[in-house]
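One structure is given below, encoded as structure tokens.
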Amino acid sequence: MSNENKSLQMRQRPGQAVITAHTIATADGPRHYLMATPRKQNANLRPLVIILHGAGASAAQVMGLAFPVSPLSVWLEIAEREQLLVVAPDGSKKGWNDSFAHVRNKPETDDTGMIRNLIAHMIQTHQADPQRIYVIGVSKGGMMAYRLATELGSMLAAFASVLANMPQQSVCAAPVTPISALIVASTRDPLVPYGGGKYFYTPLLSPMKSINDTVDIWRTLANLPATGKSVDIPKSTASNPTSCTRITWGDNPEQLQVVLLRINGGGHAEPSQSQFYPWFLSRLVGAQNTDIDIAEEAWAFFKDKRCKDAGGNSLPETASGKNK
């Protein structure tokens with residue numbers, strides 16, 4: 001075992017899948033990623049979840065190994081419990097070549113190609129189930145998740161974008177592949193405007209679509225009804241200034257669905273019931289919701305989804321079956 005991997009595993013908590021460090025060759029040079037593997041050996045194919053960090057963050061941060069610990073690190077417990085593979089690549093220059101046009105200092109690396117190669121590698125080498133490939137990204141990683149859903153939609157069973165909108169002007173063609181989408185957005189996000197556009201104090205961002213317009217793109221593509229079913233999530237703490245509303249388009253979790261988790265009064269912080277950002281960050285980015293856990297919500301959304309054919313039908317079962 002390498003010294004890097006020994007150091008990573010010494011910093012982990014009990015009950016988590018084991019983290020190891022790797023690189024993958026790309027046209028832009030080697031790219032670093034962290035992989036979490038369940039401790040229990042399993043002959044079956046495993047679902048694969050790819051986590052994309054936010055701008056300025058890292059694979060280590062979303063895996064819970066760097067400050068501030070991300071709520072997405074709960075995926076390590078889920079991976080151990082549900083027998084998943086979890087991979088977190090590092091973005092180039094701590095960012096991603098997402099689909100936003102006219103963005104200053106955006107990396108020019110082929111991040112879509114890197115993720116495509118990473119998926120193929122995980123299928124060929126680590127028994128990832130090709131019918132159960134999922135992507136979740138936060139902030140700039142969520143913006144990159146939209147690009148992956150657009151350009152790699154046929155390879156993905158579902159995706160989740162957290163605290164991110166789609167661009168008003170895109171370097172990509174419009175998405176054409178229907179795919180299940182979980183979108184998480186805060187109504188008082190000081191960086192990503194819920195109603196679209198951009199704030200004057202965010203010069204490194206370009207104008208965005210509103211969350212409602214973003215949701216409509218994926219809902220229309222999936223041929224789902226215009227009106228979703230809305231449920232208010234019970235509050236876990238009366239003193240928390242936020243609340244959560246779940247709006248679902250599509251009744252069958254095994255078929256195409258779009259879900260919006262609207263964090264009412266929330267800021268630019270992933271909701272969590274166990275991983276809380278320190279108070280001084282909340283002063284900067286706004287309140288963090290504690291009524292739901294983003295990783296658990298995403299897994300509940302992902303677990304019954306399989307890749308679809310052009311007509312929106314599930315492809316034949318693989319050796320993994322429906323064991324999750």
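- In this structure, F159 and W218 have perpendicular ring planes: the angle between them is above 60°, well past the 30° mark.
- Partners of F200 by side chain to side chain contact (heavy atoms under 4.5 Å, CB included), not counting sequence neighbours: none found.
- The two residues A79 and P38 have their closest heavy-atom pair at O-CG, 3.5 Å.
- Under the 4.5 Å side-chain criterion, counting only non-hydrogen atoms from C-beta, L260 is in contact with W249.
- In terms of heavy atoms, H268 sits closest to P190 at N-CD, 3.8 Å.
- The cluster map of Ile, Leu, Val, Met, Phe, Trp and Tyr, joined by side-chain heavy atoms under 4.5 Å apart, puts I115 and I133 in the same cluster.
- At distances below 3.5 Å, not a single donor-acceptor pair connects side-chain atoms of N289 with backbone N or O atoms of E270.
- Between the S170 side chain and the C172 main chain, a donor and an acceptor come within less than 3.5 Å of each other.
- Between Y33 and H22, the ring-plane angle classifies as parallel under the 30° and 60° cut-offs.
- Between P271 and I263 the shortest side-chain heavy-atom distance falls below 4.5 Å.
- Comment: K229 engages D251 in a salt bridge, judged by a side-chain N to carboxylate O separation of less than 4.0 angstrom.
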Evaluation steps, side-chain hydrogen bond (donor to acceptor under 3.5 Å, both in side chains), between D293 and S272 = CA-CA 4 Å; D293 188 281; S272 181; 3.3 Å; yes
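- Cluster membership check: V49 does not share its hydrophobic cluster with V69, using side-chain heavy-atom separations under 4.5 Å among Ile, Leu, Val, Met, Phe, Trp and Tyr.
- Using a 4.5 Å heavy-atom threshold, the side chains of V103 and L205 count as separate.
- A donor-acceptor contact shorter than 3.5 Å links the side chain of N165 to the backbone of K209.
- The local environment of CG in N223 is sparse, with at most 12 non-hydrogen atoms from other residues, nucleotides or ligands closer than 6.0 Å.
- A salt bridge between E297 and R246 is present, with a side-chain N of the basic residue lying under 4.0 Å from a carboxylate O of the acidic one.
- Side-chain contact check for T20 versus L8: every heavy-atom pair is 4.5 Å or farther apart.
- For the residue pair D232 and T245, a side-chain donor N or O sits within less than 3.5 Å of a side-chain acceptor on the partner.
- In this structure a side-chain-to-backbone donor-acceptor pair under 3.5 Å is missing from K140 to M144.
- In this structure, M155 CE and Q131 CD are separated by 11.0 Å, a value rounded to the nearest 0.5 Å.
- With values rounded to the nearest 0.5 angstrom, F67 atom CZ is found 5.5 Å from L281 atom CG.
- No hydrogens or angles considered: nothing links the side chains of D90 and S58 as a donor-acceptor pair under 3.5 Å.
- V171 belongs to no hydrophobic cluster with other residues, because no ILVMFWY side-chain heavy atom falls under 4.5 Å from its own, directly or through intermediates.
- For the pair C244 and I292, the tightest heavy-atom approach, listed with the atom from each and the gap, is SG-CD1, 3.8 Å.
- Side chain of K305 to main chain of Q255: no donor-acceptor pair is present (N/O by atom type, distance under 3.5 Å, no hydrogens or angles).
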Result block: side-chain N/O donor-acceptor pairs under 3.5 angstrom for residues 180-188, not counting sequence neighbours:
unit_1, atom_1, unit_2, atom_2, d
S180, OG, Q257, N, 3.0
S186, OG, G267, O, 2.8
T187, OG1, G265, N, 2.7

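- Put simply, CG on L34 and CD1 on I19 are 6.5 Å apart, with the number rounded to the nearest 0.5 Å.
- Contact detail for D129 and P47: the closest heavy-atom pair is CB-N, 4.4 Å.
- Summarising the geometry, atom CG belonging to L48 is positioned 10.0 Å from atom CE belonging to M35; distances are rounded to the nearest 0.5 Å.
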Going through the checks in order, is the side chain to side chain contact (heavy atoms under 4.5 Å, CB included) test met by V192 and M143?
-> CA-CA 11 Å; V192 178; M143 297 173 191; 4.1 Å; yes
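- Of the N and O atoms on the side chains of Q16 and E80, not one donor lies less than 3.5 Å from an acceptor on the other residue.
- Each of V62, V86, L52 was compared with L72 under the side chain to side chain contact (heavy atoms under 4.5 Å, CB included) criterion, and only V62 meets it.
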Passes side chain to side chain contact (heavy atoms under 4.5 Å, CB included), R132 versus F302? Steps please.
-> CA-CA 8 Å; R132 305 184 74 190; F302 287 163; over 6 Å; no
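- Considering all non-hydrogen atoms of both residues, S70 and S73 come closest at O-OG, 2.7 Å.
- When atom types are taken as modelled, the side chain of R219 and the backbone of V258 share no donor-acceptor pair closer than 3.5 angstrom.
- With hydrogens and angles disregarded, a donor-acceptor distance shorter than 3.5 Å links the side chain of Q288 to the backbone of Q275.
- For the pair S210 (side chain) and D213 (backbone), a donor-acceptor distance under 3.5 Å is present.
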Dump the intermediate steps for side chain to side chain contact (heavy atoms under 4.5 Å, CB included) on R31 and T23, then the final yes or no.
-> CA-CA 5 Å; R31 298 288 296 270; T23 58; over 6 Å; no
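- Side-chain heavy atoms closer than 4.5 Å link hydrophobic residues (I, L, V, M, F, W, Y) into clusters, and following such links, possibly through other members, connects I123 to L152.
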Would you please test R81 and E296 for salt bridge (charged side-chain N to carboxylate O under 4.0 Å, His left out) and show each step?
-> CA-CA 12 Å; R81 183 184 78 219; E296 295 286 0; 3.0 Å; yes
Do V259 and I247 pass the side chain to side chain contact (heavy atoms under 4.5 Å, CB included) test, and can you show the C-alpha distance, the side-chain angles, and the key distance before you say yes or no?
-> CA-CA 6 Å; V259 171; I247 308 172; over 6 Å; no
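- Taken to the nearest 0.5 Å, the CZ atom of R262 stands 5.0 Å off from the OH atom of Y194.
- Looking only at distances, a side-chain donor or acceptor of K106 sits under 3.5 Å from a matching main-chain atom of D98.
- No side-chain N or O of Q273 forms a donor-acceptor pair with one of S236 less than 3.5 Å apart.
- Classification of K93 and E108 as a salt-bridged pair fails, no side-chain N sitting under 4.0 Å from a carboxylate O.
- Counting heavy atoms from C-beta outward, N212 and V215 have side chains that stay 4.5 Å or more apart.
- Q169 CD to M208 CE: the interatomic distance, rounded to the nearest 0.5 Å, is 13.5 Å.
- Summarising the geometry of G95 relative to P107, their closest heavy-atom pair is C-CG, 3.9 Å, with the distance given to 0.1 Å.
- The aromatic rings of H126 and H121 sit perpendicular, their planes meeting at an angle over 60°, well past the 30° parallel limit.
- Linking ILVMFWY side-chain heavy atoms closer than 4.5 Å, directly or via other members, places M114 and L85 in a single hydrophobic cluster.
- Using a 4.5 Å heavy-atom cutoff, the side chains of P71 and F276 are not in contact.
- Linking Ile, Leu, Val, Met, Phe, Trp and Tyr residues whenever their side-chain heavy atoms come within less than 4.5 Å leaves Y146 and Y134 in two separate clusters.
- In this structure, the side chain of H53 engages the main chain of G91 through a donor-acceptor pair within 3.5 Å.
- Between the side chains of T109 and D111, at least one donor N or O lies within less than 3.5 Å of an accepting N or O.
- Between the side chains of N264 and S243, at least one donor-acceptor pair of N or O atoms lies under 3.5 Å.
- Counted by atom type alone, Q83 and R46 present one or more donor-acceptor pairs between their side chains at under 3.5 Å.
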